[in-house]
Each structure stands twice: as structure tokens, then as C-alpha cells.
Amino acid sequence: ISPYDELDVIISSFDPELAKPFNIQSLARIASGTSGINQNLAYLVDQYGNIELPVLGTIHAAGLTRLQLQDHVKQLLIDGNFISDPYVMVRFRDFKIFFLGSNGGKAITVPNERCTFLEALALSGDLNIYTNRKKIAVMREVDGRMVMRYLDPRSSAVFHDPYFMMQQNDFIITQDTRYKNFLDSYAQWSPIFSLFSSVTGLASLYMSYLVLQNTSTTK
């Protein structure tokens, strides 16, 4: 979980009345006096990594996984003697993975929270014949620092890699092969090569003309 993520936090219990004060949807329903639930309500993680839950107050969420936040909120409810049998569900409202390739960057919105490395590559749609498939990097924040790991989608070992399952705000970074870099360099210098070839051709033609002139004068 990172700052500016949107989270759905739903708290329930065997006794629904006990859980109502802890759900923002229930409070909004009571405040408006209507029976409909506003599905757009979500908890925004602020710039400091905190969310504000009804009754429980400020909770630091940044750096936790979704399951860790579930367990933390559940323990707060039990320790505070609010609910003895709480059930807590935390979901990302916008599960995103960021892709950086040779053609620029894009944010990939995943329709659900389960996305593998191979699925993310398919969603990116930016792999081409020049992409170096031996070293595709996955970068994520671990314990407050950014960690980068290289994966090869062609290897069966990728299925057992701890970075195979994508997490919220992961980065996938690709790079081109040396052959592509050579082609780009050649394309950059190609006009100069063409100009040099033209000048060389003209010089050869002029030298031939001088030779013919010299031969005619000698005769």
C-alpha cells in the first residue's frame, strides 16, 4: 500500500449492528437518510501513508500488504473490545502496475488483484522483436527501499520466482537488445554515410574526367 492508493475497507460481524459504526458506507447512509449505498466511497491513503477509519481513527497503512492491513484492523477491533468476532476485508480500488519500455511509460489497471508477471506483460502490449527478453526487470518497494529483480519470461523458473505475482505499484522495465541499439545508431548516422558516399562518387567521377582530359591532351 502506498500514498494516494484508494482502498475499500469493509468490516462485518455476526451482529451487523456492531459493525455499522465502522463502515463508511453505513455512516453515509445514516447521514443521508437513504437506504442506497454509495459505491464510490473509498478510503484514500494520504501523503503520509495514513487512512482514517470511523471510530478507530488514524491507521498507518503505507508499507503494509492488503492482508497485513486486514489483520491489523481486525486486531484493533478485538483489542478495543469493539467486536469479538470481526471480519475485515481490504481491497484495492485501483490496482495498478507501471510499465516502462522503449516506447515510453504507461499505467496498467488490473481488473482484479491477481495478476502474474506474464499477464502483466500481455496487458502492456509493448513487447516487440527487439525487446531483451533475458532481462525484464520487476521493481518494487520492499521495507522502504526499491528492489529490482530480473526475470526471463521464457524460462520455467519464472513460475517459482517470488516476483512472479505482481503487487500494487510494481514497475516492469524492459530494454532493447544490442542489435536494436545498433540499428538506431545506424539510422542516426545513415544520412552522413549517404552524404559521404555521394561526395566520394562525385570525387571519383571528377578524377575520371581529369584522367580523360589528360589523355586527350597527350594525344
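Note that the structure is a prediction, hence the values are computed from the model and not measured.
Across H60 and L64, no two heavy atoms sit closer than the pair O-CD1, 3.6 Å. When all heavy atoms of K106 and S124 are compared, the closest pair comes out as NZ-O, 2.8 Å. Closest approach of P54 to I24, counting heavy atoms only: CG-N, 4.2 Å. Summarising the geometry of S13 relative to D85, their closest heavy-atom pair is OG-OD1, 2.9 Å, with the distance given to 0.1 Å. Summarising the geometry of Q70 relative to M89, their closest heavy-atom pair is OE1-CA, 3.6 Å, with the distance given to 0.1 Å. Across all their heavy atoms, C115 and A120 have their closest contact at SG-N, 3.8 Å.
Taking hydrophobic clusters as Ile, Leu, Val, Met, Phe, Trp and Tyr residues chained together by side-chain heavy-atom distances below 4.5 Å, L118 shares a cluster with I136. With hydrophobic clusters built from ILVMFWY side chains whose heavy atoms lie under 4.5 angstrom apart, Y87 does not share a cluster with Y43. Each of F95 and I10 belongs to its own hydrophobic cluster when Ile, Leu, Val, Met, Phe, Trp and Tyr are linked at side-chain heavy-atom distances under 4.5 angstrom. Residues V142 and M165 share a single hydrophobic cluster, defined by chaining ILVMFWY side chains whose heavy atoms lie under 4.5 Å apart. With hydrophobic clusters built from ILVMFWY side chains whose heavy atoms lie under 4.5 angstrom apart, I97 shares a cluster with V147.
Atom CZ of R114 has 12 or fewer neighbouring heavy atoms from other residues, nucleotides or ligands inside a 6.0 Å radius.
Atom CG in L121 sits 8.5 Å away from atom OG1 in T174 (nearest 0.5 Å). A distance of 9.5 Å separates CG of D15 from NZ of K20, quoted to the nearest 0.5 Å. Within the model, atoms NZ of K134 and CD of Q175 stand 11.5 Å from one another, a figure rounded to the nearest 0.5 Å. Of the inter-residue distances, the one linking L7 atom CG with R66 atom CZ reads 10.5 Å to the nearest 0.5 angstrom. The line from CG of L76 to CD1 of I11 is 9.0 Å long, rounded to the nearest 0.5 Å. Distance check: I59 CD1 to H72 NE2 gives 5.5 Å after rounding to the nearest 0.5 Å.
Inter-residue side-chain proximity for L100 and M139 is flagged as unmet; no heavy-atom pair is nearer than 4.5 Å. Between S2 and V45, the closest side-chain pair of non-hydrogen atoms is not below 4.5 Å. The shortest distance between side-chain heavy atoms of D161 and F117 does not fall below 4.5 Å. Annotation: side chain of Q68 is not in contact with side chain of D71 (no heavy-atom distance under 4.5 Å). Using a 4.5 Å heavy-atom threshold, the side chains of V110 and Q168 count as separate. In this structure the side chain of D46 never reaches within 4.5 angstrom of the side chain of E52, judged on heavy atoms. The closest side-chain heavy-atom distance from V73 to F22 is not below 4.5 Å.
Residues in residues 152-177 take part in these ring-ring contact (aromatic ring centres under 6.0 Å, His included) pairs, two or more places apart or across chains: F98-F171, F159-F164.
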Stepwise side-chain contact (heavy atoms from CB on, under 4.5 Å) test for L69 and V88: CA-CA 9 Å; L69 181 58; V88 180; over 6 Å; no
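Taking the side chain to side chain donor-acceptor pair (under 3.5 Å) definition, one finds that Q75 meets it with D79, sequence neighbours left out.
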